[in-house]
There are 2 protein chains.
Amino acid sequence: MKVEKISDFTVYRLSIYLRCLDHLAVTGVTTTSSKALAHQFQLNSAQIRKDLTSFGDFGIRGVGYKVDELRNRLRKILGLYNVHRVGIIGAGHLGMALADYHGFPSNPFQVVALFDRDPSRVGGKSPQGIPIFTLNELKSVVAREDIAIGVLCVPAEEAQEMAALVIDAGIQAILNFAPVRLNIESGVKVKTMDLSMSFESLSYFLARRQPEVS
Amino acid sequence: MKVEKISDFTVYRLSIYLRCLDHLAVTGVTTTSSKALAHQFQLNSAQIRKDLTSFGDFGIRGVGYKVDELRNRLRKILGLYNVHRVGIIGAGHLGMALADYHGFPSNPFQVVALFDRDPSRVGGKSPQGIPIFTLNELKSVVAREDIAIGVLCVPAEEAQEMAALVIDAGIQAILNFAPVRLNIESGVKVKTMDLSMSFESLSYFLARRQPEVS
DNA sequence: AATTGTGAATTCCTTCACAGCC
DNA sequence: GGCTGTGAAGGAATTCACAATT
């Protein structure tokens with residue numbers, strides 16, 4: 001086990017490996033190797049080994065990796081044995097969809113509250129029963145419900161202000177869906193998932209290949 | 001204008017710059033510089049200039065960049081003056097939310113169809129009126145509606161199969177929300193937005209800082 | 001024999017620093 | 001004077017290739 005700095009790229013790939021192992025486990029595979037993983041999922045075997053060895057020696061030379069064991073270790077490294085309580089800011093379409101989304105395998109992320117500025121939404125619940133609070137209640141609800149992750153589903157103009165609010169409320173990590181670059185001072189971790197960027201990168205690609213023009 | 005290969009990182013940053021310029025334009029700023037942009041949005045000025053010059057010389061030495069002109073050029077580079085017609089596979093919560101999502105400034109992405117395997121959903125519409133078709137109709141609707149981008153909002157188990165279907169139907173780019181690594185043969189561009197990965201990277205961060213434990 | 005774990009080599013990306021221009 | 005555009009330098013991330021190990 002090294003003490004070097006782990007890059008975001010590596011952490012990102014750990015998730016990929018975990019997804020691959022989930023798949024293998026479902027298929028009934030009990031042992032695998034970096035070579036087999038690399039081949040099946042279009043990765044580089046040396047990279048898989050390098051990524052894994054930053055966290056300890058998990059493999060058996062000449063044999064490979066036990067799927068179950070590696071899966072558990074990755075879950076542990078990623079902190080997926082802790083439950084993370086989530087609050088969503090913005091109870092519009094996206095916020096509601098995420099609140100009721102159950103797309104995660106063995107989900108340690110529990111959405112426990114929605115928040116909205118619009119009084120007509122406050123007091124209601126998502127279809128699955130997650131309650132909607134006002135922004136005034138943010139601080140107290142975050143404390144009471146022990147919310148660690150805030151998900152921003154608000155328009156671009158409001159995102160910076162909301163980020164400041166949730167940080168002030170004591171939240172430790174933010175997942176931002178608003179198409180803005182957030183300015184964050186404190187030690188809070190921010191991850192931005194910008195849908196417009198994803199679409200635009202596809203658009204760039206489409207613009208640069210006029211396939212059937214002769 | 002160079003002919004070098006443009007990396008995904010660069011394209012990604014073009015979107016960031018465009019977002020920043022949108023913001024400046026709203027604020028009424030007409031001229032800016034790489035230094036000002038870098039300072040305000042925590043970027044590196046040399047990188048901004050390098051990224052931009054891969055597509056031509058847009059700036060004026062000693063002065064900087066005209067906000068409007070640069071904005072238009074970036075839009076053009078990213079292909080945002082072409083309208084891109086979008087089909088969404090999977091009319092669950094997420095698919096519906098995306099169909100009716102209008103979070104994009106001056107949106108060139110038009111969602112024109114939803115597709116679902118579940119017969120009880122087929123024939124209906126999203127709240128905003130986007131019709132839901134069966135998967136059997138995929139090929140004909142993609143052709144008729146000239147759909148270029150397919151968005152996968154299906155469970156992990158179905159994603160690979162659906163990817164094959166949309167590619168067969170003639171779609172040219174895929175935005176994948178399913179937590180799987182898709183195996184794509186053809187020249188179709190795939191961008192995966194994996195929510196579980198985002199949450200897991202936050203979880204990793206949270207696991208590695210136990211702040212108020214003494 | 002097969003596969004891991006890892007230094008060395010390579011490739012790619014970012015930043016520096018300054019010439020060229022307005 | 002100030003800013004762009006860019007070659008050169010520096011730093012990171014990836015891949016190679018092989019010694020170590022089962």
Side-chain angles (χ1 to χ4, degrees), chain A residues 1-17 20-21 24 29-71 73-74 77 181 197 201 204, chain B residues 1-17 20-21 24 29-71 73-74 77 181 197 201 204:
Chain A
M1 177 105 161
K2 322 295 167 52
V3 270
E4 41 178 278
K5 171 93 173 64
I6 306 296
S7 84
D8 281 356
F9 291 102
T10 300
V11 176
Y12 178 80
R13 282 191 302 265
L14 293 183
S15 284
I16 295 182
Y17 305 153
C20 296
L21 291 166
L24 290 182
V29 177
T30 59
T31 306
T32 189
S33 68
S34 61
K35 200 177 153 197
L37 279 171
H39 181 258
Q40 184 168 3
F41 299 104
Q42 307 163 101
L43 305 162
N44 178 290
S45 67
Q47 180 143 75
I48 297 174
R49 294 195 299 276
K50 266 243 156 86
D51 285 341
L52 294 179
T53 51
S54 354
F55 296 96
D57 293 357
F58 301 160
I60 307 153
R61 292 182 196 221
V63 179
Y65 304 90
K66 304 252 177 164
V67 171
D68 271 359
E69 192 198 319
L70 188 54
R71 212 149 71 111
R73 297 252 209 159
L74 287 179
I77 292 166
R181 210 179 159 69
M197 281 190 191
S201 74
Y204 174 84
Chain B
M1 174 103 163
K2 321 296 164 50
V3 270
E4 42 177 280
K5 170 96 174 64
I6 306 296
S7 84
D8 280 355
F9 290 100
T10 300
V11 176
Y12 178 80
R13 283 192 300 266
L14 294 183
S15 284
I16 295 183
Y17 305 152
C20 297
L21 291 166
L24 291 183
V29 178
T30 59
T31 305
T32 188
S33 68
S34 61
K35 201 177 154 195
L37 279 171
H39 181 257
Q40 183 168 4
F41 300 103
Q42 307 163 99
L43 305 163
N44 179 290
S45 66
Q47 180 142 76
I48 297 175
R49 295 196 297 277
K50 266 250 156 85
D51 285 342
L52 295 180
T53 51
S54 349
F55 296 97
D57 294 356
F58 301 160
I60 307 154
R61 293 179 195 224
V63 179
Y65 304 89
K66 305 251 177 166
V67 171
D68 271 359
E69 191 198 321
L70 188 54
R71 212 149 70 110
R73 296 252 209 157
L74 287 179
I77 292 167
R181 208 180 161 69
M197 281 189 191
S201 75
Y204 174 85

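In what follows, chains carry the letters A, B, and so on, assigned in the order in which the sequence lines appear, proteins first and then strands, with residues in each chain numbered from 1.
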Picking from dC16(D), dT4(C), dT14(C), which would you name as closest to the side chain of N44(A)? dC16(D)

Determine the contact category for S34(B): base if any of its heavy atoms lies under 4.0 Å from a base atom, sugar-phosphate if only primed atoms, P, OP1 or OP2 are that close, otherwise nothing. sugar-phosphate

Euclidean distance, atom CG of residue D51(B) to atom P of dC12(C) [Å, nearest integer]: 17 Å

Where the side chain of F9(B) is concerned, which of dT15(C), dC13(C), dG5(D) is the nearest nucleotide? dC13(C)

Pairs: protein N or O with nucleotides 17-22 of chain C N or O, under 3.5 Å:
residue	atom	partner	partner atom	Å
dA17(C)	N6	R49(B)	NH2	3.2
dG20(C)	N3	R61(B)	NH1	3.1
dC22(C)	O4'	R61(B)	O	3.2

What pair of heavy atoms forms the shortest contact from C20(B) to L37(B), and how long is it? CB-CD2, 4.1 Å

How many angstroms lie between OG1 in T10(A) and CZ in R13(A), if you round to the nearest 0.5 Å? 4.5 Å

Expressed as a whole number of angstroms, how long is the span from L37(B):CG to dG5(D):P? 13 Å

Rounded distance in Å - CG (L14(B)) to P (dC13(C)): 14 Å

Would you classify S7(A) as touching base, sugar-phosphate or nothing, given that sugar-phosphate means primed atoms plus P, OP1 and OP2, and contacts are heavy atoms under 4.0 Å? sugar-phosphate

What are the two closest heavy atoms between F58(B) and E69(B), and how far apart are they? O-OE2, 4.2 Å

OP1 or OP2 of dA2(C) versus the side-chain N and O atoms of Y65(A): is any pair under 4.0 Å? no

Interatomic distance where CD1 belongs to I48(A) and C1' belongs to dG5(C) [whole Å]: 14 Å

Taking dC3(D), dT14(C), dT6(C) as options, the one with an atom nearest any side-chain atom of R13(B) is dT14(C)

Tell me which pairs pass side-chain hydrogen bond (donor to acceptor under 3.5 Å, both in side chains) where either residue lies in residues 31-42 of chain A, with sequence neighbours left out. S34(A)-R49(A), Q42(A)-N183(B)

May I have the distance from D8(B) (atom CG) to dT11(C) (atom P), rounded to whole angstrom? 19 Å

How many whole angstroms separate atom CZ of F58(A) from atom P of dT6(C)? 12 Å

Identify the two heavy atoms, one from L21(B) and one from V67(B), that lie closest to each other, and give their separation to 0.1 Å. O-CG1, 3.9 Å

Heavy-atom closest pair, residues D57(B) and R73(B): O-NH2, 4.4 Å

What is the distance from OH of Y12(B) to C1' of dC13(C), rounded to the nearest Å? 15 Å

On the side chain of K50(B), is there an atom forming a donor-acceptor pair with the base of dT14(C) - under 3.5 Å, no angle test? no

In whole angstroms, the gap separating P of dT15(C) from CD of Q42(B) amounts to 13 Å

Can you tell me which nucleotide in dA8(D), dG7(C), dT3(C) comes closest to the side chain of S33(A)? dT3(C)

Nearest heavy-atom approach of I77(A) to Y204(B) is O-CD1, 3.4 Å

